[in-house]
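Chain A is the first sequence line, chain B the second, and so forth, proteins listed ahead of strands; every chain is numbered from 1.
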Amino acid sequence: MDPTLIGVPIVVLSNNDGCVVARSSEAKALGIPMGAPFFSVRRVCEAHGIKVFSSNFSVYGDFSERVMSVLAEHARDFEPYSIDEAFLGFPDMSEADALTLGQKIRADVLKRTGIAVSIGMGATKVLCKIANERAKKEIQSGGCIVVPYDYDGRMNFLKGIGAKEIWGVGSGLAARIRSHGILSAADLAEADPAFIRRLAGVVGERIALELRGVACHEIIEDAGARKSIMVSRSFGRMVTDLRDLEEAIATHATRGAEKLREDGLVASSVVVFFGTNKHRQDQEQYRADEIEILDPPTDDARTICAAAGRALARIHRDGYWYKRAGVLLQGLSPADSVQEMLPGMGAPVDLSKRRLMKAVDALNAKLGREVVRPGSTGLVRNWQGKSEQKSEASTNKEEVTKPKSDAKKPRIRFHE
DNA sequence: TCTGGGGTCCTAGGACCC
DNA sequence: TCTGGGGTCCTAGGACCC
């Protein structure tokens, strides 16, 4: 969006301008670590002229959709995996054809979206992920790497991959297998599956098998309905007042209810949680969560706000410096399923309420996010998080959401 | 005196991912 | 001073059933 940034070191920050969550290669070369708290690298950024941006998820979501739609054209089996990753399936393809195809897809995405992608190809998802990481790092690969199909070639390829770099192997699993001498992806592929099963459970066993080329993770074309909705934020500053906490919880509950309606779902319970700053061990710590049943299940912002408020009142304690609060909606089911309820299962759905929420959604779609919202969400909201370096670049303005198409939306979600 | 066995469902907590 | 947010899956243990 801004060609003057080509070749310039750049970092992008998490919500609340908290941590570094993305770095250009120039910023990586200057030694900015992934996940660093921004305050700990601010001086380095200033000293080297590193450009710093707040996150801008409406732009990322827009470009994600563009890239995904190009990718989907290229494969019969297509699984959007995250905002910037997808799995594509090509059964029975030769090694040479795979490389040609990968390069073709990469060129097509670049041409039509301006986004450079890296592509890893192999017999299983775990092998693809390893190849993709190498394609990203090794410029001479041209952005596309195929894991050798033959045994010797594959083992040679896996020798150079540390165990911790394997998809699905976190710090815990890496430490456990390391104590048994398993240091590389090749070591894990060679290990006895029954032994790995005992050592690392089915999760570890599947990873080991995938390294051998045995697919344990299929491409999931339809992820199905989601199982929970969470909305939470850190505060821009310490919060001590119950009123501020109430406003934040009401705001998150309102957004959660909106997400329910976007997906055509209702929730049967809401969990409220909040806590102090866990990084500040010099301060008194308090964390709490509390559930409130929603009967009948609902997507109505006012009902969910009221329930969340009751839960908060039960667990709130004065005298702490709070840093974060949120809301979790659980027990999700399709909204159209609650209309036929058995006797004793609660009051029938009030259709006038549904019309009201529809009107609210229509107004906010037209006039901008949060133009119409419950008064309990507050007016001043001095607890809100920081976003001080947001780029101007926006192809779909956050304030006005795009008109909804009738096409079924792929199930990709990301935080705002 | 003696007290089964097999199964499902739910939940909390942990690990992991991006 | 300052440290993100939103998910899924697996497992163990308890409740409960027949």
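- Rounded to whole Å, atom P of C:dG5 lies 17 Å from atom CD1 of A:Ile229.
- A:Gln389 and A:Ser54 share no side-chain donor-acceptor pair at under 3.5 Å.
- Distances were taken from every side-chain heavy atom of A:Arg280 (C-beta onward) to each of B:dC18, C:dT1, C:dG6; the shortest belongs to C:dT1.
- Pair assignment for C:dG6: B:dC17, on the basis of Watson-Crick or G-U wobble contacts that are both within less than 3.5 Å.
- One finds a side-chain N or O of A:Arg324 lying less than 4.0 angstrom from the OP1 or OP2 phosphate oxygen of C:dG5.
- Across the interface with DNA chain C, nearest-nucleotide mapping of A:Val231 and A:Arg197 shows A:Val231 to be the residue nearer the 5′ end.
- Listed candidates were C:dC9, C:dT3, B:dC18. Nearest to the side chain of A:Ser82 is B:dC18.
- In the set C:dC2, C:dG6, B:dC18, the nucleotide with an atom closest to the side chain of A:Tyr81 is B:dC18.
- In this structure, a donor-acceptor pair under 3.5 Å is present between the side chains of A:Arg381 and A:Thr251.
- Taking the side chain of A:Phe39 as heavy atoms from C-beta on, and the options C:dC2, C:dC9, C:dG7, the nearest nucleotide is C:dC2.
- Within 4.0 Å of A:Ile166, counting heavy atoms only, lie sugar-phosphate atoms of the nucleic acid but no base atom.
- Residues A:Gly201 and A:Arg42 each lie close to DNA chain C; by heavy-atom proximity, the contact nearer the 5' end of the strand is made by A:Arg42.
- Side-chain nitrogen and oxygen atoms of A:Ser171 include none within less than 4.0 Å of the OP1 or OP2 phosphate oxygen of B:dA15.
- Between A:Lys278 and the phosphate of C:dT3, there is no side-chain N or O to OP1/OP2 separation shorter than 4.0 Å.
- The side chain of A:Lys129 approaches B:dC18 more closely than any other nucleotide in the set B:dC18, C:dT1, C:dC10.
- When distances are taken from the side chain of A:Ser14 to each of C:dG4, C:dC10, B:dC18, the shortest belongs to C:dG4.
- A:Leu13 comes within contact range of no nucleotide atom at all, as no heavy-atom separation falls under 4.0 Å.
- Rounded to the nearest Å, the gap between the P atom of C:dC18 and that of B:dT3 is 24 Å.
- Look at CG on A:Asn15: it is 5 Å from P on C:dG5, rounded to the nearest Å.
- In this structure, A:Lys164 atom NZ and B:dC17 atom C1' are separated by 10 Å, rounded to whole Å.
- Set against C:dG4, C:dC10, C:dG6, the side chain of A:Val202 has C:dC10 as its closest nucleotide.
- Considering all non-hydrogen atoms of both residues, A:Leu332 and A:Ala267 come closest at CD2-CB, 3.6 Å.
- Rounded to a whole Å, the CG atom of A:Asp289 is 12 Å from the C1' atom of B:dG13.
- Between A:Thr298 and A:Asp300, the side chains place no donor N or O within less than 3.5 Å of an acceptor N or O (distance only, hydrogens not considered).
- The CD atom of A:Glu258 sits 14 Å away from the P atom of C:dG6 (whole-angstrom rounding).
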* Asked: Given the rule in the salt bridge (charged side-chain N to carboxylate O under 4.0 Å, His left out) test, do A:Arg66 and A:Asp62 qualify, once you have shown the distances and angles that lead to the verdict?
  -> CA-CA 7 Å; A:Arg66 298 178 196 204; A:Asp62 182 21; 2.9 Å; yes
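- Taking atom CD1 on A:Ile83 and atom C1' on C:dT8, their separation rounds to 18 Å, with Å as the unit.
- Between A:Lys386 and C:dG4 there is no side-chain N or O to OP1 or OP2 distance below 4.0 Å.
- Look at A:Asn277 and you'll find a side-chain N or O under 4.0 angstrom from OP1 or OP2 of C:dT3.
- The side chain of A:Cys19 has C:dT3 as its nearest neighbour among C:dC10, C:dT3, B:dC17.
- Closest to the A:Arg206 side chain, of the nucleotides C:dT3, C:dT8, C:dC10, is C:dC10.
- The closest side-chain donor-acceptor pair between A:Arg324 and A:Ser232 falls under 3.5 angstrom.
- One atom, CD of A:Glu290, and another, P of B:dT11, lie 15 Å apart when rounded to the nearest Å.
- Regarding contacts with the backbone of C:dT3, every side-chain N or O of A:Ser234 stays at 4.0 angstrom or more from both OP1 and OP2.
- Defined by atom type and a distance below 3.5 Å, a donor-acceptor pair is missing between the side-chain atoms of A:Asn16 and A:Arg233.
- A:Arg237 has its CZ atom 18 Å from the C1' atom of C:dT3, to the nearest Å.
- Distance from the side chain of A:Val203 is smallest for C:dC10 among the nucleotides C:dC2, C:dG6, C:dC10.
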